[in-house]
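Model, not experiment: these values are computed from the prediction.
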Amino acid sequence: MFLIMKEDFYKYLLEISGKGSMVLPNGRVSFEINTLGLILDFDQDIFSEDENFTLVERIENFLDRLVKATLQKIVIQRLEILEGLPYTDSITSSMYFIVKNLTSFNAEYILGYDTYFDYRGLDEKDFDDGGMCPSPLTISFKIFVNLNLGATTLFLEQLLGLSLNLPKIEGLYFFFFQKYEEYFSSESLKDNHELSILQTNTKARRLGYLKLLSTLFDSGKQHPINRFTKVVEEQASKVEKDLMEYRNTKGLIKKTKSGISAKPYVELAHDLDLLNYLRSSVVQGKMFKVYTELRAFELIKSNYFELTKLDKLFFLEQILRQDALYIFVTLESLFLYGESSLLALQPIFHESLLKRLKKFEYFVRDKGDERKAKQLQEVKQRVEGWEKPEKYLEHVLMPRLNWMLDLDLVSFSQKNTFNITDTGERLLKHYWDWQDLYGEVVINPNGILDFVYIAVFNDLYEGGIGNQQTEEVIKERIAAVLLDSFEHFKTIAPNRVTASQAIAFTQNYLFLKESIKTGKPYIRRLLSEEFTDKFIYKYQPQYKDGYIQIIKQP
């Protein structure tokens, strides 16, 4: 009976395999199933080298060899070259798509999975000594399948169906893949591998309180550090009724004698660079000032904690810039395992986080940056050393899950469970495409966010409609709004504004008010190359910023 089942398995596998199937050394055979490779690893060589390229045509003659051989391992594999060829199917998204769907069929299907850049993850013995080797710009994935479940026709039917519906790369990234070498030789798009993680408290759950902080700085106000939390609590009391009517009432700021209730939110705002401490005063950070100025153009919702388009646009960007690792590991965990309680999600998140940190460390060390590799190793060791992970993870997960609830990336049920939304899946899909672009990992996404954040947000919340204006009109509007920014952001030097503020204000204003989608590098290029008769733009590396100055016309 067992031999008959094996024969049915191999017959069906041969029926659905393409002409790209081939014999590999060391007892392995690769079967092509559309764009996927199914690698079967046997205990011995069952085909000789001269049978290599005639396998599919003559396999019926060798079926008895397959049935009698001992199968040791089953691996689903896919490889793409990033250089010189059209790139359409996403490697990373495809891997997660397959893993999620196979585990939905049977939770024990998958033993492990990962992506690989260059030719790591591939066996060198797959390539002969004559110099044949894959391009250094390749990315692949491997999914290791439970042998007992994978050697069945049911598995093959499921895999065949999945192979016909693999996720495509998002259209906005085609441009970067087409000009891969040009963009990834540019410092502006490179990942600097600086890992950023927000320090969080379980009480800081509502993003609405962060937008409330901005109202305390209208007209350029400053506040004494020792009284600021009390000021926040007083202001928060005015919106308490709104919180009680919001879809989730957790994270309340109460009035206290010491100001302790507002402290977690003030610390979060400081970690997000929304607030700075200047001598004995609390002042707005540069980007929070941009948000405050843009608030004047936004309609307020009936409930203060329902985020407006501006609120989502601003806070999502700041969170992704400062906390991408934890946000995306959380979303991936919900994507793969589905609706989960906090208790169920904690061990999944912890295991996935450690796996990701190990990969980060290996990747950076492989790039030759020992200093940053050691920093990542220290973070990994701290996570490994959590004495009571379940208690610590409450402070890690609950704030982030609630921020994502405010941003419509996750949903929350009356059963106290969280689930990823369609919007959350869309964001995750962008992140996986970034991994394909960068090759294996994205540690710090600031470079790609500079280019594509507005387009990503537009896809998540606005339906992804592109610019309707001509490029000339867009350039004219950019120049006009840059000029207008001088009314909003003044510096000590006359006729001068901080470049990052003026550029961010222009980018966000044009999207919010005129549906113009553009990236920060595009505005910087216009300032450097095409607006030289209107503005002086100077970047100052020591400040990681610069200034823009108006050229006075004669």
Side-chain angles (χ1 to χ4, degrees), residues 192-217 222-226 228-233 235-236 250-251 253 259-292 307 311-331 349 353 357 360 372 375-376 378-379 382-383 386 392-407 409 442-446 449 453 500-501 504 543-545:
N192 63 11
H193 302 147
E194 294 284 354
L195 180 63
S196 176
I197 300 172
L198 291 171
Q199 299 302 309
T200 50
N201 182 300
T202 188
K203 294 180 179 179
R205 301 188 186 187
R206 297 277 73 83
L207 295 178
Y209 281 129
L210 295 184
K211 71 175 182 176
L212 180 140
L213 293 179
S214 79
T215 65
L216 302 177
F217 297 93
Q222 296 186 7
H223 297 275
I225 289 177
N226 58 0
F228 186 61
T229 52
K230 291 281 289 177
V231 172
V232 174
E233 288 181 358
Q235 191 74 3
K250 302 297 184 182
I253 294 179
I260 192 68
S261 185
K263 187 179 179 183
Y265 285 97
V266 173
E267 290 176 342
L268 174 61
H270 181 257
D271 284 350
L272 282 167
D273 294 330
L274 307 183
L275 301 179
N276 291 326
Y277 301 137
L278 183 63
R279 294 183 287 276
S280 59
S281 296
V282 181
V283 299
Q284 282 183 303
K286 286 188 288 189
M287 290 302 105
F288 211 26
K289 172 66 174 171
V290 173
Y291 170 76
T292 299
L307 301 186
D311 298 334
K312 290 177 181 177
L313 180 69
F314 179 76
F315 290 116
L316 177 60
E317 180 177 7
Q318 307 316 308
I319 290 168
L320 292 181
R321 288 184 180 277
Q322 302 283 0
D323 202 52
L325 172 62
Y326 280 20
I327 292 296
F328 286 118
V329 170
T330 304
L331 286 175
F349 174 88
L353 178 62
L357 285 168
F360 281 4
K372 288 178 182 173
Q375 291 173 349
L376 290 164
E378 289 171 3
V379 175
R382 285 201 300 271
V383 173
W386 288 345
Y392 193 88
L393 282 167
E394 180 184 342
H395 290 278
V396 169
L397 285 171
M398 282 309 286
R400 291 170 172 86
L401 286 166
N402 277 271
W403 304 341
M404 289 190 278
L405 177 66
D406 289 348
L407 292 163
L409 302 176
V442 180
I443 298 174
N444 187 314
N446 285 345
L449 285 171
Y453 176 69
S500 62
Q501 287 183 310
Y543 302 118
K544 295 182 179 179
D545 207 335

**Item:** Pair Phe217 and His223, ring centroids less than 6.0 Å apart
**Value:**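 Judged by ring-centre distance (under 6.0 Å), Phe217 and His223 do meet the cut-off.
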
Does some side-chain heavy atom of [Y] sit less than 4.5 Å from a side-chain heavy atom of [X]?
{"X": "Asn446", "Y": "Tyr453", "result": "no"}
{"X": "Leu210", "Y": "Leu272", "result": "yes"}
{"X": "Thr229", "Y": "Ile260", "result": "no"}
{"X": "Leu393", "Y": "Trp386", "result": "yes"}
{"X": "Gln235", "Y": "Leu216", "result": "yes"}
{"X": "Leu274", "Y": "Phe314", "result": "yes"}
{"X": "Met287", "Y": "Gln501", "result": "yes"}

**Request:** Check step by step if side chain to side chain contact (heavy atoms under 4.5 Å, CB included) holds for Gln222 and Gln284.
**Result:** CA-CA 8 Å; Gln222 296 186 7; Gln284 282 183 303; over 6 Å; no

From [X] atom [atom1] to [Y] atom [atom2], the distance as rounded to the nearest 0.5 Å:
{"X": "Leu275", "Y": "Ser281", "atom1": "CG", "atom2": "OG", "value": "12.5 Å"}
{"X": "Asp323", "Y": "Leu320", "atom1": "CG", "atom2": "CG", "value": "9.0 Å"}
{"X": "Asn192", "Y": "Ile443", "atom1": "CG", "atom2": "CD1", "value": "9.0 Å"}
{"X": "Tyr265", "Y": "Leu213", "atom1": "OH", "atom2": "CG", "value": "10.0 Å"}
{"X": "Lys211", "Y": "Phe288", "atom1": "NZ", "atom2": "CZ", "value": "11.0 Å"}
{"X": "Leu407", "Y": "Phe315", "atom1": "CG", "atom2": "CZ", "value": "9.5 Å"}

Could you tell me which non-hydrogen atom of [X] sits nearest to which non-hydrogen atom of [Y], and how far apart they are?
{"X": "Ala236", "Y": "Tyr209", "result": "CB-CE2, 3.7 Å"}
{"X": "Val329", "Y": "Leu353", "result": "CG1-N, 4.0 Å"}
{"X": "Pro399", "Y": "Thr202", "result": "CG-CA, 3.7 Å"}
{"X": "His193", "Y": "Asn444", "result": "N-CB, 4.4 Å"}
{"X": "Leu307", "Y": "Gly208", "result": "CD2-N, 4.2 Å"}
{"X": "Pro445", "Y": "Ala324", "result": "CG-CB, 3.7 Å"}

**Request:** State whether the number of non-hydrogen atoms from other residues, nucleotides or ligands found under 6.0 Å of Lys230 atom NZ is greater than 12.
**Result:**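 Enclosed: over 12 neighbouring heavy atoms sit under 6.0 Å from NZ of Lys230.
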
**Message:** Can you tell me if Tyr277 has over 12 outside heavy atoms packed within less than 6.0 Å of its OH?
**Reply:**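 Counting neighbours around OH of Tyr277, more than 12 heavy atoms of other residues, nucleotides or ligands fall under 6.0 Å, so yes.
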
Side-chain atoms of residues 194-201: list all donor-acceptor pairs with protein atoms under 3.5 Å, sequence neighbours left out, distances to 0.1 Å.
from   : atom 1 : to     : atom 2 : distance (Å)
Ser196 : OG     : Gln322 : O      : 2.7
Ser196 : OG     : Gln322 : OE1    : 3.2
Thr200 : OG1    : His395 : O      : 2.7
Thr200 : OG1    : Arg400 : NH1    : 3.0
Asn201 : OD1    : Lys203 : N      : 2.9

**Item:** Verdict with supporting geometry, Leu325 and Phe360, side chain to side chain contact (heavy atoms under 4.5 Å, CB included)
**Value:** CA-CA 10 Å; Leu325 172 62; Phe360 281 4; 3.8 Å; yes

**Fill in**
Which of Leu316, Leu212, Asp311, Ile319 passes side chain to side chain contact (heavy atoms under 4.5 Å, CB included) with Leu207? It is Ile319

**Fill in**
Taken in chain and number order and not counting sequence neighbours, the residues that satisfy side-chain hydrogen bond (donor to acceptor under 3.5 Å, both in side chains) with Lys286 are Asp545

**Asked** Is there a donor-acceptor pair closer than 3.5 Å between any side-chain N or O of Asn402 and the backbone N or O of Met398?
**Response** yes

